[in-house]
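Okay, so here's the structure we're looking at.
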Amino acid sequence: MESLIAAMTRERPGDRPRIEDVIRRFAIIRESLSKTKLRAALTSKKLPRIICLPKEAIQQVRTMQYILSRKAAIPAP
């Protein structure tokens, strides 16, 4: 994902990938990840673990709600 973001944010617009290429590369990245990884909470490694725990608990509840309602982790275009 980092390489895709780096390509999309190049200084010169002519050096950036076309949107079709971005969509294709993102689809490949999304397909390579497990359902668990796609639903994982985003947390900062800089924050102390005690601060992240409540956020992770909320994320777990929200994830269960999405799974039970059969919502996709990332909707397909």
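- Rounding to the nearest 0.5 angstrom, the gap separating the CG atom in L38 from the CD atom in E31 is 10.5 Å.
- When the side-chain contact (heavy atoms from CB on, under 4.5 Å) test is applied to P54, no partner is found at least two apart in sequence or on another chain.
- In the hydrophobic clustering of this structure, L4 does not group with I28; members are Ile, Leu, Val, Met, Phe, Trp, Tyr whose side-chain heavy atoms approach within less than 4.5 Å, directly or through other members.
- In this structure, CZ on R39 lies 9.5 Å from CD1 on I74, to the nearest 0.5 angstrom.
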Kindly list each side-chain donor-acceptor pair under 3.5 angstrom involving residues 66-73, sequence neighbours excluded, with atom names and distances?
{"unit_1": "S69", "atom_1": "OG", "unit_2": "Q65", "atom_2": "O", "d": "3.0"}
{"unit_1": "S69", "atom_1": "OG", "unit_2": "Y66", "atom_2": "O", "d": "3.2"}

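- Hydrophobic clustering, with ILVMFWY side chains joined whenever heavy atoms are under 4.5 angstrom apart, keeps L53 apart from V61.
- Here the closest non-hydrogen pair linking A7 and P17 is O-CD, 3.2 Å.
- Q59 is linked by a side-chain contact (heavy atoms from CB on, under 4.5 Å) to A41, R62, T63, counting only residues two or more places apart in sequence or in another chain.
- Residue E20 qualifies as enclosed at atom CD: its count of foreign heavy atoms under 6.0 Å is above 12.
- Grouping the Ile, Leu, Val, Met, Phe, Trp and Tyr side chains by contacts below 4.5 angstrom, directly or via other members, places I58 apart from M64.
- Atom CD1 of I50 has 12 or fewer neighbouring heavy atoms from other residues, nucleotides or ligands inside a 6.0 Å radius.
- Although no hydrogens or angles enter the test, the distance criterion places a donor-acceptor pair under 3.5 Å between the side chain of R16 and the main chain of R10.
- T9 approaches I5 most closely through the heavy-atom pair OG1-O, 2.8 Å.
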